[in-house]
Amino acid sequence: MKNNQKFMPLFLQLFADEGNGEGTQATQNGVQNNSQGSTQTSGIDYEKIQGMIDSRNAKTEESVLKSYFQSQGLSAEEMNQAIKTFKTQKEENNKQQVIDNNALKDQLATANKATLQSNIEKEAIMQALELGIDTKNIPYVSKLADFSKVVDEQGNINNELIKTALQQVLDDVPALKTKSENAADLKVGADGSDTKNSSGELFNFGFTGVRKH
């Protein structure tokens, strides 16, 4: 017995192609939706959101205050006055807090500046000793030196710039150089230009009452 049942051919490739097309379209739609979402996110007004939060907080605060003062048995007039007083005091406290914070910042900045200046002076002493400056002249040389550019933007001290500033003072005022350098310029005894009474002047110790016999 022959089986006369006929089978319809299955167009699998056609179904596959249609499936791929739907998947591609879905992917494109997803990308487009993500792009729109990104655009919407970038257009968010954060200041408006903060304003809404502040407004809500203010309303919540107002509600809490009214509830509290009502529980204290205050009349409507007394409650409004109490709320006004509370807000005024709160504003004054906030202003005082800002003032205190600024004062604290100023004190910290002053302390940091003093510390930095102290470190510069210490480093200047070390650099002055390396240059051979007489210890008696170091404070004066350091005072004359321009240290305004020895600190970078990060607050670090540049030792070479300190040395350069000190050397500039020595170049401008040679008299502040070391004793050994000045000693060469000093004259001990007569230089031969005037030998008259030279020995007497050199060894004149003030014994005017002593005479030769």
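Looking at S142, its side chain does come within 3.5 Å of a backbone N or O of I138 through a donor-acceptor pair. Looking only at distances, no side-chain donor or acceptor of S55 sits under 3.5 Å from a matching main-chain atom of G51. Checked by atom type and distance alone, the side chain of E78 pairs as donor or acceptor with a backbone atom of S75 at under 3.5 Å. Judged by distance alone, with hydrogens and angles left aside, the side-chain atoms of N156 form no donor-acceptor pair with the main-chain N or O of D152 at under 3.5 Å. Side-chain N or O atoms of T85 include one that pairs as donor or acceptor with a backbone N or O of Q81 at under 3.5 Å.
Within the 4.5 Å cutoff, side-chain heavy atoms of N102 are placed close to those of V98. Residues F147 and L166 have side chains in contact (heavy-atom distance under 4.5 Å, counting atoms from C-beta outward). Side-chain atoms of K84 and Q89, non-hydrogen and from C-beta on, never get closer than 4.5 Å to each other. For the pair L116 and N112, the minimum side-chain heavy-atom distance is 4.5 Å or more.
Once rounded to the nearest 0.5 Å, the distance linking CD of Q117 with CG of N119 reads 9.5 Å. I125 contributes atom CD1, which lies 13.0 Å from atom CD of E130 (distance to the nearest 0.5 angstrom). Residue E123 holds its CD atom at 7.0 Å from CD1 of I157, rounded to the nearest 0.5 Å. Taken from CG in L65 to CG in N80, the straight-line distance is 11.0 Å, to the nearest 0.5 Å. Once rounded to the nearest 0.5 Å, the distance linking CD1 of I133 with CD of Q127 reads 10.0 Å. With rounding to the nearest 0.5 angstrom, the CG atom of D100 is 8.5 Å from the CG atom of L104.
At a cut-off of 3.5 Å, with distance as the only test, a side-chain donor of Q168 or D172 sits close to an acceptor on the other residue. Side-chain contact of Q96 with E92: a donor-acceptor pair under 3.5 Å is absent, judged by distance alone. N93 and Q97 share no side-chain donor-acceptor pair at under 3.5 Å.
No path of Ile, Leu, Val, Met, Phe, Trp and Tyr side chains, each step under 4.5 Å between heavy atoms, connects I162 with M126, placing them in separate hydrophobic clusters. L170 and Y140 fall within the same hydrophobic cluster, where Ile, Leu, Val, Met, Phe, Trp and Tyr residues are linked whenever their side-chain heavy atoms come under 4.5 Å apart, directly or through other members.
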### Task
Test side-chain contact (heavy atoms from CB on, under 4.5 Å) on L144 and L176 and set out the steps.
CA-CA 11 Å; L144 293 178; L176 295 176; 4.0 Å; yes

### Task
Take E61 and R56 through the salt bridge (charged side-chain N to carboxylate O under 4.0 Å, His left out) test and state the conclusion after the steps.
CA-CA 8 Å; E61 180 183 86; R56 181 174 181 179; over 6 Å; no

### Task
Given side-chain contact (heavy atoms from CB on, under 4.5 Å), test K87 with E62 step by step and report yes or no.
CA-CA 10 Å; K87 291 183 177 180; E62 186 85 8; 2.7 Å; yes

### Query
Would E91 and K95 count as a salt bridge (charged side-chain N to carboxylate O under 4.0 Å, His left out) if you check the C-alpha gap in whole Å, the side-chain angles of each, and the deciding distance to 0.1 Å?
CA-CA 6 Å; E91 183 178 356; K95 290 181 179 179; 3.7 Å; yes

### Task
Take N158 and V151 through the side-chain contact (heavy atoms from CB on, under 4.5 Å) test and state the conclusion after the steps.
CA-CA 6 Å; N158 190 315; V151 181; over 6 Å; no

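Atom CD of E77 sits in a sparse spot, with 12 or fewer heavy atoms from other residues, nucleotides or ligands closer than 6.0 Å.
Annotation for L161 and K149: closest pair CD1-O, 3.1 Å, computed over non-hydrogen atoms. Taking every heavy atom of both residues into account, K66 and M79 meet most closely at O-SD, 3.6 Å.
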